[in-house]
Amino acid sequence: MSAQLSQSVDKLLRKAHLHINAGEVVQAEEIYRHILTKFPKNKKAIRGYQKLKNPQQATFDNLIGLFNSGRFRETIALGKALTAQFPKAPILYEVLGATSLRLGNDEETIRYYQKLLQINPINPDAYNNLGLVFYKKGDFFTAAEVYQKAIKIEPDFADAHYNLGNSLKQLDKLEDAIESYQTSLAINPDDIEVLSSYGNALMDFGEFKKAIECYTRVLQINPNLTETQNNLDKAAEEDSEIDKFILNYQEAIGEEANSPRVMLFKGTAFALKGYNEMAIKYFKQAIKIKPDYAEAFNRLGVSQKKRGEL
């Protein structure tokens, strides 16, 4: 590089430095890119451009230290100041989003994670945390969509599968919720929180025997959970009562357990106790065995109407 060109580059580097000191990061970035277009190996321009992307390690360590010590207000203040200097540093928005989430500032949390995802659209943690905010706001549909994006990026993200299950359960999609809980447990089989939610979903569906297995597993891990013990007792009671009810009917009519009449009766028994999901399952089984079973179609329609499937 000639002396004249070297002076010209040095002048541009000083100009970029002045822009940085004035907080004018975009202008500084344009200058560095201009230099690197003509002189791609210029070390000063490379270092300057890289510094625009991320704060120095000591500064970042200070930010993380504030966050880890629970000084969230100070974390927000420093993080905001740093984003003015490093507007494209994804780690800053990740810290700001996590801090706002802990402070309960929903709109700020959404804004920071959306900004992070603009810079780095393949961040599963950002999608998962964003989903937590929409769930908290009662927007279960959007929460489910966001969790699905996290899972698409990281299929083995156990927490995202669990959170998706919670959203689907709120949307009255019990079968889908159960599937999400199962996937989460396949990745992390001893998570008590997931096991408990899975058991509750099975109970709501009318899968009493599976719910009993689930609650029993929870109590094996932690025997001191009174609520789980109560849920186990209720599941066992419901299971025993409905089994006896169905068995008496089956013996009275003298038919096999998989006959269409028994299937219809099973569906009716579950419907009377308020377990519409299981009722629908048995009515459909009756129709599968006997496609012209008018009464099964009728009761299926009644159950679907109760579930809001007009």
Is it possible for you to say whether [X] and [Y] belong to one hydrophobic cluster, with membership spreading through side-chain heavy-atom contacts below 4.5 Å?
X	Y	answer
I122	F157	no
Y275	L272	no
L195	L164	no
L171	L132	yes
Y162	I221	yes

[atom1] ([X]) with more than 12 external heavy atoms under 6.0 Å:
X	atom1	value
K173	NZ	no
Y249	OH	yes
E193	CD	no
R307	CZ	yes
E108	CD	yes
E227	CD	no
E175	CD	no

>> I'd like to know whether R261 forms a salt bridge (Lys or Arg N to Asp or Glu O under 4.0 Å) with E256, so could you lay out the CA-CA distance, the side-chain angles of the two residues, the decisive distance to 0.1 Å, and finally the verdict.
In response: CA-CA 9 Å; R261 285 178 68 192; E256 296 295 325; over 6 Å; no

Look only at the side chain of [X] and the backbone of [Y], and say whether a donor-acceptor pair between them is shorter than 3.5 Å.
X	Y	value
Y93	P87	yes
T142	D139	no
S100	L96	yes
R71	F67	no
H161	I187	no
S240	A236	no
S69	L66	yes

Over all atoms of both residues, closest heavy-atom pair of [X] and [Y]:
X	Y	answer
G79	L63	N-CD1, 3.7 Å
A126	L116	CB-CD2, 3.6 Å
I289	S259	CD1-C, 4.5 Å
A279	F270	N-CB, 3.9 Å
A177	G165	CB-O, 3.3 Å
F245	A269	CD2-CB, 3.8 Å

Is [Y] close to [X] at the side-chain level, that is, under 4.5 Å between some pair of heavy atoms?
X	Y	result
Y147	Y135	yes
R73	L103	yes
D233	E237	no
H34	L12	yes
Q285	K266	no
T216	E213	no
D190	L185	no
D191	S184	no

Going by an N to O cut-off under 4.0 Å, is there a salt bridge joining [X] and [Y]?
X	Y	result
E207	K281	yes
D106	K136	yes
E94	K115	no
E295	R299	yes
D204	K169	yes

> What side chain to side chain donor-acceptor pair (under 3.5 Å) pairs are there with at least one residue in residues 119-132, not counting sequence neighbours?
Replying inline: Y113-N129, N128-N163

> Hydrophobic cluster mates of L264, side-chain heavy atoms under 4.5 angstrom, ILVMFWY only, any path?
Replying inline: I280, F283, I287, Y293, F297, L300

>> Checking salt bridge (charged side-chain N to carboxylate O under 4.0 Å, His left out) between D239 and each of K273, K209, K234, which is the one that passes?
In response: K209

> Between L202, N166, D176, N200, which is the residue that forms a side-chain contact (heavy atoms from CB on, under 4.5 Å) with Y181?
Replying inline: N166

